[in-house]
Engineer: 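Input: one structure, supplied below.
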Amino acid sequence: MVTTYFSYNYIAHNLKQSLTRVEQQPDVAREAAYYKANIGKVKTVDDLMKDYRLYHYATKAYGLEDMAYAKAFMKKVLESNLSDPTSFVNKLVDKRYREFAAAFSFTGGAKPVAQSENQTDEMIGLYTATKNSQVDALASDSTYYSTEIGNISSADQLLNNDRLRNYVYSAFGLDESKWPRDTISQVLRSDPSDPNSYVNITFASQLSGLNAQLAQAQSDVSATNQKIADYTAQLSQPGADVPQLNVQILVEKYHLDSYSKNVSSLNDQIGTIGRFVDLAGAFEFSSDGSLPSGVSAQTAANITITKQKFDASKAAVYDAATPLSEALAITHFRAAVLKVNSVQAFVSTPDVYNFALGAVGLDPATASQATIKAVLESDLNDPKSFVYTLKDDRYVKLARDFNFDAKGNLTTPLVAQDSSDVLDIAKSYVIAALRDASPQQQKAVREQAQKDATSYQEAVADIGSVSDLLANRKVIDFILVAKGLDPKKVSTEFLKKIFSSDLSNPKSFANTQSDPRFAEIAGTFNFNSKGDVARLPMLGPQKGDHFRETQANYLQQSLEQQQGDTNPGVRLALYFQRKAGEITSAYDILADRALSEVFRTTFDLPDSMAAMPIDQQAKFVDRFMKIKDLSDPAKVEKLLNRFSAMYDIRNSESTGQAQSPLLSLFQGSGSGISDSTFLAIAKLQSR
């Protein structure tokens, strides 16, 4: 008879070969192929549960096959919000339920959305920064103007200074694209008090005629409105010629539109003349463009007036940066962006369109919607795509902060790591940091670890490629610690090979390492073949790494179950080996019947110990083993060698039998225990 010790050691030291043999078994291969072919069709929790083969494959992968019957319970698990500590799944002691829920994206995560929560937060931060930056830029422009205007000695020198010229144009409301520079130069050389000056002869002389035309146009508008009102009133009169009246109304509306446009045009012309006169009066240039000896380009009073006019022209910029306006814009954006489901919806939703363009520094009033659509539909991983032809980082920022495919439909975010993976690694890091802390150090270590976790979350958002990731050793070390690995023993060059591996190829560098944690790390990141950040791949409700994890777990569960059919002790050892890295306290062991059985057997403790108060049992666990040692594979192997030897001693008569009472540690016991009891066990509150 083969001993538990020998069987476990053989499997543990040849795990990849053992898993490969299981993978090649016809029934296992058949179920894996079915899962791969059909999981992409699943849209809802009900879809998953209605497909017996998919559902049982998934529950078995996460060790929950015995709970597959409790569909109402399992549905609540899958629909739980993992980020809410009070959600249903987060209140369950058994971590398998959370792992199961995390493998699917039925309530959030990597589902196609216009923006992820991180992208929305990033855009809001960018909006605030841009608005503040724009106000700072205006203040800088005013300071520059005040400093430099005293150094100007001619009209041409003023116009040749782009920054000063733009300031003056903004202050006096002039559109540079409509007026030749020579015209503005002539205005600057004019004296408004001289009737023969350029500004008066060319422009101010028109005012009398324009004002007369304006009065007539306004009179025409008033008269036309009255006619429309009269014709409209006649429509309700007895015997009215309705068709003829409707024609008359249409004719007058046509006239009204023409007269209204004329009023607008005349107002613009009169306003422009007024601005030209003001501009001429604001400067002291002579008719040849020079300045009289000892005279500055502007008096102190006119400098002040010019700055006031400039600020007035930028009122919208100042208003948008006020706390009240900013808060209102953010509130509207947050609500509206949730309803955006296409590029067309984006450009048709002002609260989103204006906010997003404003955030990246684009003017919604002048930007082309056709250009914005093409930008949002660009492939950011293709250097030849439309967005890069514009050679403007503002458009690239806009495209990165929204998730649309080439057809303008929703797709997954462009992020190095999904928010759920970021959160899991951050939590694992905090747990790992606390393992080595004494009771006295716990508070300080936790606070520092949480600060490190926040820094990690912020840093990951800025990673755009494998090179960016590997260049940030602080981030790399954080990940390694979270995974229970020693950063000092892992080189950047080694990790470069890991991240360049094809995780779908079992013979790739990452997949042939003895420690599977390196492949797991690479699997949580999302880079394309060139090493750049890509859209998160989805197969129905699963991200690519969760799909691979589910298939790997299914193989592991199948191996453990098959070994348990021959020797339950081997299954116990393999199970403990797999779960050891997740154990953070004595209560994790005691909450799991299989783990607690391994503990008692290893240290030759009686089964009656399970009847003791839980706190007393925890003291026994802490007395016999160091929880932090369970993150060290070598120490776990040593512990399990002792377990397998002790198991053979304790179960010498039953080892190798077709059935063993220990199987009940992994299986439901049918009608022996009620459904409500199972659910009560699952709902035990953690200590």
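Quick note: numbers below take in every heavy atom, side chains included, and nothing from hydrogens, waters or symmetry partners.
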Engineer: Scan side-chain atoms only and decide if S508 and N511 contain a donor-acceptor pair under the 3.5 Å cut-off.
Structural biologist: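 Per modelled atom types, S508 and N511 side chains form a pair under 3.5 Å.
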Engineer: In Å and rounded to the nearest 0.5 Å, what is the OH to CD1 distance from Y127 to I330?
Structural biologist: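 Answer for the OH-CD1 pair, Y127 versus I330, is 7.5 Å.
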Engineer: Taking the six-membered ring for Trp and the full ring for Phe, Tyr or His, determine whether the centres of Y97 and F73 are under 6.0 Å apart.
Structural biologist: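 Yes, close enough.
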Engineer: Under 3.5 Å, side chain of Q119 to main-chain N/O of R400, donor-acceptor pair present?
Structural biologist: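 Yes: the side chain of Q119 pairs with the backbone of R400.
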Engineer: Would you call R96-E99 a salt bridge at under 4.0 Å N-O?
Structural biologist: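 Salt bridge: no.
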Engineer: Testing the 3.5 Å rule here: is there a donor-acceptor pair between the side chains of N553 and T550?
Structural biologist: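 Note: N553 and T550 side chains miss the donor-acceptor criterion.
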Engineer: Could you check whether T128 and E326, counting side-chain N and O atoms only, form a donor-acceptor pair closer than 3.5 Å?
Structural biologist: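 Note: E326 and T128 side chains meet the donor-acceptor criterion.
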Engineer: Between R650 and D607 (salt bridge meaning N to carboxylate O under 4.0 Å), is one present in this structure?
Structural biologist: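 Answer for the salt bridge query: yes.
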Engineer: Going by atom types alone, do R21 and S18 pair a side-chain donor with an acceptor below 3.5 Å?
Structural biologist: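 The answer is yes; a qualifying pair exists.
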Engineer: Pair M123, F402 - check side-chain contact (heavy atoms from CB on, under 4.5 Å), show working.
Structural biologist: CA-CA 10 Å; M123 175 143 281; F402 286 90; 3.6 Å; yes
Engineer: Consider only side-chain N and O atoms of T120 and R334, and report whether a donor and an acceptor are under 3.5 Å apart.
Structural biologist: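 Note: T120 and R334 side chains miss the donor-acceptor criterion.
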Engineer: Using the benzene-type ring in the case of Trp, are the ring centres of F509 and F494 under 6.0 Å apart?
Structural biologist: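 For F509 and F494, the ring centres are under 6.0 Å apart.
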Engineer: How about S558 and K60: does a side-chain donor come under 3.5 Å of a side-chain acceptor?
Structural biologist: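 Short answer, yes.
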Engineer: Would T44 and D46 count as a side chain to side chain donor-acceptor pair (under 3.5 Å) if you check the C-alpha gap in whole Å, the side-chain angles of each, and the deciding distance to 0.1 Å?
Structural biologist: CA-CA 5 Å; T44 66; D46 289 334; 5.0 Å; no
Engineer: For M625 and F599: C-alpha separation, side-chain torsions, deciding distance, then whether side-chain contact (heavy atoms from CB on, under 4.5 Å) applies.
Structural biologist: CA-CA 9 Å; M625 66 165 59; F599 166 71; 3.7 Å; yes
Engineer: Sequence neighbours left out, what pairs pass ring-ring contact (aromatic ring centres under 6.0 Å, His included) with at least one residue falling in residues 437-459?
Structural biologist: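 For residues 437-459, and leaving out neighbouring residues, the ring-ring contact (aromatic ring centres under 6.0 Å, His included) pairs sorted by first residue read Y456-F478.
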Engineer: So, taking the atom named CG in L48 and the one named CE in M74, what distance separates them when rounded to the nearest 0.5 Å?
Structural biologist: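 Those atoms lie 9.5 Å apart.
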Engineer: Is it the case that T601 and E597 place a side-chain donor and acceptor less than 3.5 Å from each other?
Structural biologist: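 Result is yes, a qualifying pair exists.
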Engineer: Side chains of L574 and I11: does their closest heavy-atom pair fall under 4.5 Å?
Structural biologist: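 Of all side-chain heavy-atom pairs linking I11 with L574, at least one is under 4.5 Å.
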Engineer: Does any non-hydrogen side-chain atom of V598 lie less than 4.5 Å from one of L595?
Structural biologist: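 Side-chain contact under 4.5 Å: no.
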Engineer: For this output row, return yes or no: ring centroids of F576 and F643 closer than 6.0 angstrom.
Structural biologist: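 F576 vs F643: aromatic centres not under 6.0 Å.
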Engineer: Looking only at the side chains, is there a donor atom on one of Q561 and E65 sitting less than 3.5 Å from an acceptor on the other?
Structural biologist: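 E65 and Q561 do have a side-chain donor-acceptor pair below 3.5 Å.
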Engineer: Is the shortest heavy-atom distance from the side chain of L423 to the side chain of Q457 under 4.5 Å?
Structural biologist: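 Yes, their side chains come closer than 4.5 Å.
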Engineer: How about P568 and Y647: do any of their side-chain heavy atoms sit closer than 4.5 Å?
Structural biologist: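 Counting from C-beta outward, P568 and Y647 do come under 4.5 Å.
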Engineer: Shortest non-hydrogen contact from I476 to L495?
Structural biologist: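 It is CG2-CD1, 3.4 Å.
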Engineer: Less than 4.0 angstrom from a charged side-chain N to a carboxylate O is my criterion; do K483 and E520 meet it?
Structural biologist: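 Looking at E520 together with K483, the answer is yes, because their closest N to O distance falls below 4.0 Å.
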Engineer: Does atom NZ of K619 have more than 12 heavy-atom neighbours, drawn from other residues, nucleotides or ligands, at distances under 6.0 Å?
Structural biologist: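 No, NZ of K619 has 12 or fewer neighbouring heavy atoms, counting only those of other groups under 6.0 Å.
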Engineer: Using a strict threshold of under 4.0 Å (side-chain N to carboxylate O), is an ion pair present between R98 and D424?
Structural biologist: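 R98 and D424: salt-bridged.
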Engineer: Any side-chain heavy-atom pair from T20 and Q17 closer than 4.5 angstrom?
Structural biologist: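 SC-SC contact between T20 and Q17 ruled out.
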Engineer: Should S455 and D452 be marked as a side chain to side chain donor-acceptor pair (under 3.5 Å) after you check the CA-CA gap, both sets of side-chain angles, and the distance that decides it?
Structural biologist: CA-CA 5 Å; S455 297; D452 293 341; 5.4 Å; no
Engineer: How about T4 and N651: do any of their side-chain heavy atoms sit closer than 4.5 Å?
Structural biologist: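 No, every pair of side-chain atoms sits at 4.5 Å or beyond.
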Engineer: Might you work through the side-chain contact (heavy atoms from CB on, under 4.5 Å) test for R517 and L485, ending with a clear yes or no?
Structural biologist: CA-CA 9 Å; R517 288 177 290 182; L485 296 163; 3.3 Å; yes
Engineer: Between E31 and K36, is a side-chain contact (heavy atoms from CB on, under 4.5 Å) present by the stated rule, with each step listed?
Structural biologist: CA-CA 9 Å; E31 292 308 304; K36 182 177 182 180; over 6 Å; no
Engineer: Does V42 reach the side chain of Q542, with side-chain heavy atoms less than 4.5 Å apart?
Structural biologist: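 Answer no - side chains too far apart.
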Engineer: Verify the distance criterion only: is there a donor paired with an acceptor across the side chains of D588 and T584 at less than 3.5 Å?
Structural biologist: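 Note: D588 and T584 side chains meet the donor-acceptor criterion.
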Engineer: Taking all non-hydrogen atoms of both residues into account, name the closest pair between T59 and A68 and its distance.
Structural biologist: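 Answer, listing the atom of T59 first, then A68: OG1-CB, 3.9 Å.
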Engineer: With no hydrogens and no angle check, just 3.5 Å: does a side-chain donor-acceptor pair link N567 and Y8?
Structural biologist: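 No, because no side-chain N or O of N567 sits under 3.5 Å from a partner of the opposite role on Y8.
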Engineer: Can you tell me if F624 has over 12 outside heavy atoms packed within less than 6.0 Å of its CZ?
Structural biologist: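 Counting other residues, nucleotides and ligands, CZ of F624 exceeds 12 neighbours.
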Engineer: Could you give the distance from CD1 (I589) to CG (L630), rounded to the nearest 0.5 Å?
Structural biologist: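 The distance works out to 6.0 Å.
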Engineer: Hey, could you give me each pair passing ring-ring contact (aromatic ring centres under 6.0 Å, His included) that has a residue in residues 537-561? Not counting sequence neighbours.
Structural biologist: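 Qualifying pairs, neighbours excluded: Y57-Y554.
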Engineer: Any chance NZ of K427 has more than 12 other-residue heavy atoms, nucleotides or ligands included, within less than 6.0 Å?
Structural biologist: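 Count over threshold, so yes.
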Engineer: Going by salt bridge (charged side-chain N to carboxylate O under 4.0 Å, His left out), name the residues that satisfy it together with D47, two or more places apart in sequence or in a different chain.
Structural biologist: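 With sequence neighbours excluded, D47 shows a salt bridge (charged side-chain N to carboxylate O under 4.0 Å, His left out) to no residue whatsoever.
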Engineer: Could you check whether any side-chain heavy atom of R642 comes within less than 4.5 Å of a side-chain heavy atom of Y5, counting everything from C-beta outward?
Structural biologist: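 In short, these two side chains do not touch, never coming nearer than 4.5 Å.
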